[in-house]
Chemist: 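Structure below; questions to follow.
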Amino acid sequence: MKLGCLPYLNVKPLVYPFEHGELPRGWELVYAPPSELATMLARGKIAAAPVSSFATFIYPEFDICPGICIAAHGPVQSVLMLSKKHIEDIHTVALDTSSLSGANMLKIVLDEACDVRPEFVRLPPNPVSEILDRADAALVIGDAAMTCAKDGLIVFDLADEWVKLTGLPAVFAVWAGLGLTGEVVEALHDAKGKGMTKIEEIAREQSVELGLSYEVCHDYLSRVMVYDLGEQETLALETFK
């Protein structure tokens, strides 16, 4: 049994027990960015993964695990468009090839909320300074968005803008699988339940790993991120679709 896993801070409360000795016997964690996890899941290389919510639109055969998501109800800090130019002056936007949900949310927000329709190019997640030598703006996701230097840049927080546009949460990822079994669903919920009680430990460990303060990591995990797939989050997915 192989479970996909994101290499980001935001997924840690959902997998913390798995990463600390409580992975069921015979199970294995496989780490990859969101776009790669979706492809691996579609090809049957993994049994389940926290995939981009947009991937569930591309692959309607994916089963969504109830009750679990990775979302935000306001500024998220980890899905950002960074630019040296004001929005109305942006002509090219580099999209992180790792991103599915963020990339497609950004296209919608720029079009519907900002009346801006730039050319989009997909580039690997290189340092922001290098990307901005090739494009007017860059979509940066995950830990890189939280840790990269932003001095002199205009920061466009995608979750904040999505909430302003739709009045609904920004749901970036869900646990999904092909033919999810009760055993897998139970294990995912058990891991989430235990992981949510370990926010302090996770924040402490990750602050060292990422070079961020404990306070920033704790606030991000305990207040910014939303892990319950409730009515508003479900409606947000339908609106996104």
Side-chain angles (χ1 to χ4, degrees), residues 6-12 31-39 50-55 58 70-72 74-166 170-173 206-213 215-217 219-221 224-225 240:
L6 296 167
Y8 303 142
L9 173 62
N10 60 19
V11 79
K12 292 300 181 182
Y31 293 85
S35 57
E36 291 184 28
L37 287 180
T39 301
V51 301
S52 295
S53 54
F54 192 80
I58 301 174
I70 298 175
V76 72
Q77 306 170 24
S78 56
V79 186
L80 307 175
M81 183 178 74
L82 303 176
S83 175
K84 295 179 181 177
K85 297 183 177 182
H86 292 289
I87 296 292
E88 61 271 18
D89 297 322
I90 292 174
H91 298 290
T92 55
V93 177
L95 300 178
D96 188 333
T97 52
S98 302
S99 175
L100 287 177
S101 292
N104 286 281
M105 280 186 183
L106 180 59
K107 292 177 181 179
I108 293 170
V109 169
L110 290 179
D111 181 20
E112 298 187 14
C114 305
D115 197 28
V116 172
R117 299 168 187 85
E119 176 188 359
F120 294 97
V121 294
R122 297 191 70 85
L123 295 175
N126 293 321
V128 173
S129 59
E130 294 182 14
I131 298 174
L132 292 180
D133 285 338
R134 302 173 63 183
D136 294 332
L139 175 67
V140 186
I141 68 168
D143 299 348
M146 298 185 70
T147 59
C148 70
K150 303 175 185 67
D151 294 343
L153 299 179
I154 296 172
V155 179
F156 188 84
D157 190 296
L158 187 51
D160 191 30
E161 300 301 327
W162 181 264
V163 174
K164 291 176 183 176
L165 175 64
T166 67
V171 181
F172 292 106
Q206 290 298 300
S207 68
V208 175
E209 181 74 19
L210 299 175
L212 296 170
S213 71
E215 290 75 18
V216 166
C217 293
D219 181 67
Y220 178 76
L221 295 172
V224 174
M225 298 310 306
F240 188 14

Chemist: Might you point out which heavy atoms bring A72 and V76 nearest each other, and give the distance in Å?
Modeler: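 So the two residues come closest at CB-CG2, 3.7 Å.
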Chemist: Testing L9, V216, L221 for side-chain contact (heavy atoms from CB on, under 4.5 Å) with Q206, which one passes?
Modeler: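 So, applying the side-chain contact (heavy atoms from CB on, under 4.5 Å) to Q206 and each of L9, V216, L221, only L9 qualifies.
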Chemist: Determine, step by step, whether S78 and Y220 satisfy the side-chain hydrogen bond (donor to acceptor under 3.5 Å, both in side chains) criterion, reporting the C-alpha distance in whole Å, the side-chain angles of both residues, the deciding distance to 0.1 Å, and the verdict.
Modeler: CA-CA 9 Å; S78 56; Y220 178 76; 2.7 Å; yes
Chemist: Is there a donor-acceptor pair under 3.5 Å between the side chain of S101 and the backbone N or O of S53?
Modeler: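 A pair under 3.5 Å: yes.
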Chemist: Can you give me every donor-acceptor pair (side chain of residues 146-155, partner residue at least two apart or in another chain, under 3.5 Å) with its distance?
Modeler:
from : atom 1 : to   : atom 2 : distance (Å)
T147 : OG1    : D143 : O      : 3.0
K150 : NZ     : A145 : O      : 2.8
K150 : NZ     : C148 : O      : 3.1

Chemist: Restricting to pairs with a member in residues 119-132, which pass salt bridge (Lys or Arg N to Asp or Glu O under 4.0 Å), not counting sequence neighbours?
Modeler: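 Listed once each, the pairs would be none.
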Chemist: For the side chain of D219 and the backbone of E215, is there at least one donor-acceptor N/O pair under 3.5 Å apart?
Modeler: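 Flag not set: sc D219 to bb E215 has no pair under 3.5 Å.
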Chemist: Could you check whether any side-chain heavy atom of P34 comes within less than 4.5 Å of a side-chain heavy atom of Y8, counting everything from C-beta outward?
Modeler: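 With C-beta onward as the side chain, the pair touches.
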Chemist: Please identify each residue that fulfils side chain to side chain contact (heavy atoms under 4.5 Å, CB included) with E112, with sequence neighbours left out.
Modeler: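 Side chain to side chain contact (heavy atoms under 4.5 Å, CB included) list for E112, sorted by chain: I108, L165.
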Chemist: Applying side chain to side chain contact (heavy atoms under 4.5 Å, CB included), can you list everything that pairs with Y31, at least two apart in sequence or on another chain?
Modeler: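 So Y31 forms a side chain to side chain contact (heavy atoms under 4.5 Å, CB included) with C5, E19, L29.
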Chemist: Who pairs with S99 by side-chain hydrogen bond (donor to acceptor under 3.5 Å, both in side chains), at least two apart in sequence or on another chain?
Modeler: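 Counting only residues at least two positions away or on another chain, S99 forms no side-chain hydrogen bond (donor to acceptor under 3.5 Å, both in side chains).
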Chemist: Under the side-chain contact (heavy atoms from CB on, under 4.5 Å) test against L6, which residue among P33, P50, S98 passes?
Modeler: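 Of the listed options, the one satisfying the test is P50.
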Chemist: For T97 and S35, which heavy atoms make the closest approach, and how far apart are they?
Modeler: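 Of all heavy-atom pairs spanning T97 and S35, the closest is O-OG, 2.9 Å.
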Chemist: Only counting residues at least two apart or in another chain, list the ones meeting side-chain hydrogen bond (donor to acceptor under 3.5 Å, both in side chains) with R117.
Modeler: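 side-chain hydrogen bond (donor to acceptor under 3.5 Å, both in side chains) list for R117, sorted by chain: D111, D115.
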Chemist: Give me the atom names and distance for the closest heavy-atom approach of M225 to A71.
Modeler: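 Looks like CE-O, 3.3 Å.
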Chemist: Any donor and acceptor pair, going by atom type alone, linking the side chain of S52 with main-chain N or O of A55 inside 3.5 Å?
Modeler: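 Not confirmed, S52 side chain does not pair with A55 backbone.
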Chemist: Please work out whether the ring planes of F240 and W162 are parallel, tilted or perpendicular, with thresholds of 30° and 60°.
Modeler: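 Judged by the thresholds at 30° and 60°, the geometry between F240 and W162 is perpendicular.
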Chemist: For I131 versus A138, what's the shortest heavy-atom pair and its separation?
Modeler: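 Result for this residue pair: CG2-CB, 3.5 Å.
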Chemist: For residues 79-88, which residue pairs qualify under salt bridge (Lys or Arg N to Asp or Glu O under 4.0 Å), counting only residues two or more places apart or in two chains?
Modeler: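 Pairs touching residues 79-88 that pass the test: K85-D136.
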Chemist: Restricting to side chain to side chain contact (heavy atoms under 4.5 Å, CB included), what partner residues turn up for P118, sequence neighbours left out?
Modeler: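 P118: side chain to side chain contact (heavy atoms under 4.5 Å, CB included) contacts with I90, V93, L110, V116, F120.
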Chemist: Taking only residues two or more places apart in sequence or in another chain, which ones pass salt bridge (Lys or Arg N to Asp or Glu O under 4.0 Å) with D157?
Modeler: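 Salt bridge (Lys or Arg N to Asp or Glu O under 4.0 Å) list for D157, sorted by chain: empty.
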Chemist: Within this structure, what is the CD1-CG distance for the pair I141 and L106, rounded to the nearest 0.5 Å?
Modeler: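 Output value for this atom pair is 12.0 Å.
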Chemist: For D89, check salt bridge (Lys or Arg N to Asp or Glu O under 4.0 Å) against everything at least two apart and list the hits.
Modeler: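 Not a single residue meets the salt bridge (Lys or Arg N to Asp or Glu O under 4.0 Å) criterion with D89.
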Chemist: Sequence neighbours left out, what passes side-chain hydrogen bond (donor to acceptor under 3.5 Å, both in side chains) with N10? Give chain and number order.
Modeler: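 In terms of side-chain hydrogen bond (donor to acceptor under 3.5 Å, both in side chains), with neighbours along the sequence ignored, N10 is linked to no residue.
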Chemist: Tell me, do F156 and C114 make a side-chain contact under 4.5 Å, heavy atoms counted?
Modeler: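 In short, these two side chains touch, coming nearer than 4.5 Å.
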Chemist: Can you list the residues that meet the salt bridge (Lys or Arg N to Asp or Glu O under 4.0 Å) rule with E161, with sequence neighbours excluded?
Modeler: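 For E161, the residues satisfying salt bridge (Lys or Arg N to Asp or Glu O under 4.0 Å) (neighbours in sequence not counted) are K164.
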Chemist: Please report the interatomic distance CG(L95) to CE(M81), rounded to the nearest 0.5 Å.
Modeler: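 Spacing of CG (L95) from CE (M81) equals 10.0 Å.
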Chemist: To check you understand the geometry: which heavy-atom pair defines the closest contact between L139 and G102, and what is its length?
Modeler: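 For L139 versus G102, the nearest heavy atoms are CD2-C, 3.7 Å.
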